[in-house]
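Below you'll find the structure, written out as structure tokens, and then a few comments.
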Amino acid sequence: MSLSLRSLCLGDGRPPHGVLLVVRRIAWPLAGGVTGLLIGGVPSIALAVPRPNWNPGPPWAPLTPHSSEMLQISHLFWVMLALSAIIFVGVTGAVLYSAFKFSAKPGDEGEPSQVYGDRRVEIAWTLVPFLILIVAFGFTVDYIHNINTPPSGSHPLNINAIGHQWWWEFDYPTLGVTTADEVHVPAGVPLHFHVQSYDVIHSFWVPELQRQIDANPGQDNAVFAEMSTPGTYDGMCYEYCGEAHAWMKFRLVVQTKRTFSDWIKHERTAAATPTTGLQKLGQRIFLHTTCVNCHAITGTSAGGAVGPNLTHLGSRWTVGAGAAPMTTSALEQWINDPNYFKPGVNMPPYPFMSQKQLRALAAYLISLK
Ligand code: CUA
């Protein structure tokens, strides 16, 4: 019996027996089943990890603008759609007209008349697309200029949006506030985002805010916007930037001017003092481990600047830039092994901590409202 790959796959016409029978009847279906389980099962296991709600806006978000700049982008879209519609109707109409008007009829003989070059037609089909492109070009340049022009007259609110592997830092340099993964802004106030990067190239985008923009190291890329409607809008990093790129989400919280100034006042206060025994223990552990090398908590001796500032962590939307919900149990699990929620994350695991230490740390961190 020759056991070639060909005979295994295709058979040789004879009924299978021996090793061949085992391979065909058992091994191959088994291999197929395992492959199927891997393809179908692994993603379901990954999805089984509880994830916080996140909705980056509908695909048509730029057509339901919530900022003055998005309104411009929306206008440009309609202009382009109108130009495309004119071309579509013109070309389809000409094709259909020719098909009906000039198709062969019973009794027609020989070849139809052949036309070799016609200066008027050639000028027409060069000039018409040229004019259409000129109009499209004019509108595009005008709108690009509009959305990239700083708002005149009023002083915009400056916000640094700094991409890190893999989270967003938000600084309000004139207001003395530093936070992460959640950027609050007032409605009806011109904003100037200074988009930068701490390490590699990221991309900053909230579909309802403005267009996408790259966050490059050593460069200050400007995004101007003025949000019209209070609400919560989701954004993320839109450029592959390493292993945990998918977990670089953030939230844009647009508030009324009054709510925003209350938020700023709160953010400027020092971190809450622990009240319960468990929280006090958590603070002691935090201040005496390597946590302080990366994280800052205002009002304590923790002043690390590599990881997110945790002064008001408990008031934020998630842990790990969208990776885990802000709950005590998720925080415990996060400290024990952040990779469970966010594969590739730069924060090291703390597997040597006891259950009690983890509980205390989580109780302390979530109390930092
Ligand atoms: Cu940062 Cu992708």
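All ligand and atom numbering here is 1-based and tracks the order in the structure. It should be emphasised that the depicted structure is a prediction, and the values quoted were computed from it without experimental measurement.
Distances from atom 2 (Cu) of ligand 1 to each N, O or S atom of E239 single out O as the nearest. Nearest N/O/S atom of H202 relative to atom 1 (Cu) of ligand 1: this is ND1.
Considering only heavy atoms from C-beta on, N336 stays 4.5 Å or farther from Q333 through its side chain. Between D220 and H194 there is a side-chain heavy-atom pair separated by less than 4.5 Å.
Among the atoms of M248, an N, O or S atom falls under 2.8 Å from atom 1 (Cu) of ligand 1.
Using bins of under 30°, 30° to 60° and over 60° for the plane-to-plane angle, the ring pair Y238/W205 lands in the perpendicular bin.
For the pair K342 and W247, the cation-pi test (distance below 6.0 Å, angle within 45°) is failed.
For C241 atom SG and H245 atom ND1, the angle they make at atom 2 (Cu) of ligand 1 is roughly 120°, to 10 degrees.
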